[in-house]
Enquirer: 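Input: one structure, supplied below.
Residue numbers run from 1 in the order of the sequence given.
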Amino acid sequence: MPRYLSLIRIDENNAPEGGPSPELMQRMGELIEEMTKNGVLLDTAGLTPTAQGSRVHYESGRLSVTDGPFTETKEVIGGYAVLQAKDRAEAIEWTKRFLKVHEPHWTVTCEVREIEEG
């Protein structure tokens with residue numbers, strides 16, 4: 001079965017103060033457990049804020065490193081999930097369920113892309 005990477009994008013500047021609520025974390029935990037039991041979720045994690053990250057850029061034979069935060073960026077990758085699904089439609093359905101566990105004040109976008117094998 002194909003694997004898919006779901007890149008979880010958030011607007012770091014408008015994320016709720018204090019991060020996810022305990023209720024959101026509980027709903028997310030329940031969904032993660034269901035996805036794992038169904039063999040769909042292979043790996044998932046959240047990422048630290050961009051203030052703790054660095055960007056390494058290569059252009060015209062030169063490398064540069066910029067430390068975060070990256071204020072010019074509106075959306076950042078806040079986490080990821082690696083899914084194994086029969087097709088892209090199934091991966092999208094699981095991703096929709098992930099988005100729906102969030103409260104209405106969250107703005108979250110997931111980009112779902114198939115992982116090329118070998």
Enquirer: Given Cys110 and Phe98, is the side chain to side chain contact (heavy atoms under 4.5 Å, CB included) satisfied, shown in steps?
Expert: CA-CA 9 Å; Cys110 288; Phe98 168 77; 4.0 Å; yes
Enquirer: For Glu103, check salt bridge (charged side-chain N to carboxylate O under 4.0 Å, His left out) against everything at least two apart and list the hits.
Expert: Arg27
Enquirer: Could you measure the distance from the CG atom of Asn38 to the CD atom of Glu90? Nearest 0.5 Å is fine.
Expert: 8.5 Å
Enquirer: Grab the two heavy atoms, one from Met25 and one from Pro20, that are nearest each other, plus how far apart they are.
Expert: SD-CB, 3.6 Å
Enquirer: Are more than 12 heavy atoms, taken from residues, nucleotides or ligands other than Glu117, located less than 6.0 Å from that residue's CD atom?
Expert: yes
Enquirer: Taking C-beta and beyond as the side chain, do Leu5 and Val112 meet within less than 4.5 Å on heavy atoms?
Expert: no
Enquirer: Would you please test Tyr4 and Thr95 for side chain to side chain contact (heavy atoms under 4.5 Å, CB included) and show each step?
Expert: CA-CA 10 Å; Tyr4 296 86; Thr95 300; over 6 Å; no
Enquirer: Which value, rounded to the nearest 0.5 Å, describes the distance between Gln84 atom CD and Trp94 atom CH2?
Expert: 13.0 Å
Enquirer: Distance from Arg97 atom CZ to Glu93 atom CD, nearest 0.5 Å?
Expert: 9.5 Å
Enquirer: CD/Glu75 to CD/Glu111 distance, rounded to the nearest 0.5 angstrom?
Expert: 9.5 Å
Enquirer: Quick one: are Thr107 and Asn14 in side-chain contact, heavy atoms under 4.5 Å?
Expert: no
Enquirer: Under 4.5 Å between side-chain heavy atoms, hopping through other hydrophobics if needed: is there a path connecting Ile32 to Leu24?
Expert: yes
Enquirer: How close do Pro16 and Trp106 get, counting heavy atoms only, and between which atoms?
Expert: CG-CE2, 3.5 Å
Enquirer: For the CD1 atom of Ile77 and the OG1 atom of Thr109, what is their distance to the nearest 0.5 Å?
Expert: 11.5 Å
Enquirer: Between Glu114 and Arg88, is the side chain to side chain contact (heavy atoms under 4.5 Å, CB included) condition met? List the steps.
Expert: CA-CA 7 Å; Glu114 187 171 350; Arg88 188 169 68 92; over 6 Å; no
Enquirer: Step by step, would you call Leu83 with Met35 a side chain to side chain contact (heavy atoms under 4.5 Å, CB included)?
Expert: CA-CA 9 Å; Leu83 311 174; Met35 292 173 74; 3.4 Å; yes
Enquirer: Looking at Arg55, I want to see if its CZ is surrounded by more than 12 non-hydrogen atoms of other residues, nucleotides or ligands under 6.0 Å.
Expert: yes
Enquirer: Could you tell me whether Glu33 and Lys37 make a salt bridge, using a distance below 4.0 angstrom between a side-chain N and a carboxylate O?
Expert: yes
Enquirer: Which atom pairs, donor and acceptor, lie under 3.5 Å between side-chain atoms of residues 40-52 and protein residues at least two apart or in another chain?
Expert:
| from | atom 1 | to | atom 2 | distance (Å) |
| --- | --- | --- | --- | --- |
| Asp43 | OD2 | Tyr80 | OH | 2.8 |
| Thr44 | OG1 | Tyr80 | O | 2.8 |
| Thr50 | OG1 | Glu12 | OE1 | 2.5 |

Enquirer: Show me, pair by pair, the donor-acceptor contacts under 3.5 angstrom made by side chains of residues 57-69, not counting sequence neighbours?
Expert:
| from | atom 1 | to | atom 2 | distance (Å) |
| --- | --- | --- | --- | --- |
| His57 | NE2 | Glu59 | OE1 | 3.1 |
| Asp67 | OD1 | Ser54 | OG | 2.7 |

Enquirer: Please check if Leu7 and Val108 belong to a single hydrophobic cluster, counting links between Ile, Leu, Val, Met, Phe, Trp and Tyr side chain heavy atoms closer than 4.5 Å.
Expert: no
Enquirer: Would you compute the distance between atom NZ of Lys86 and atom CE of Met1 and round it to the nearest 0.5 angstrom?
Expert: 9.5 Å
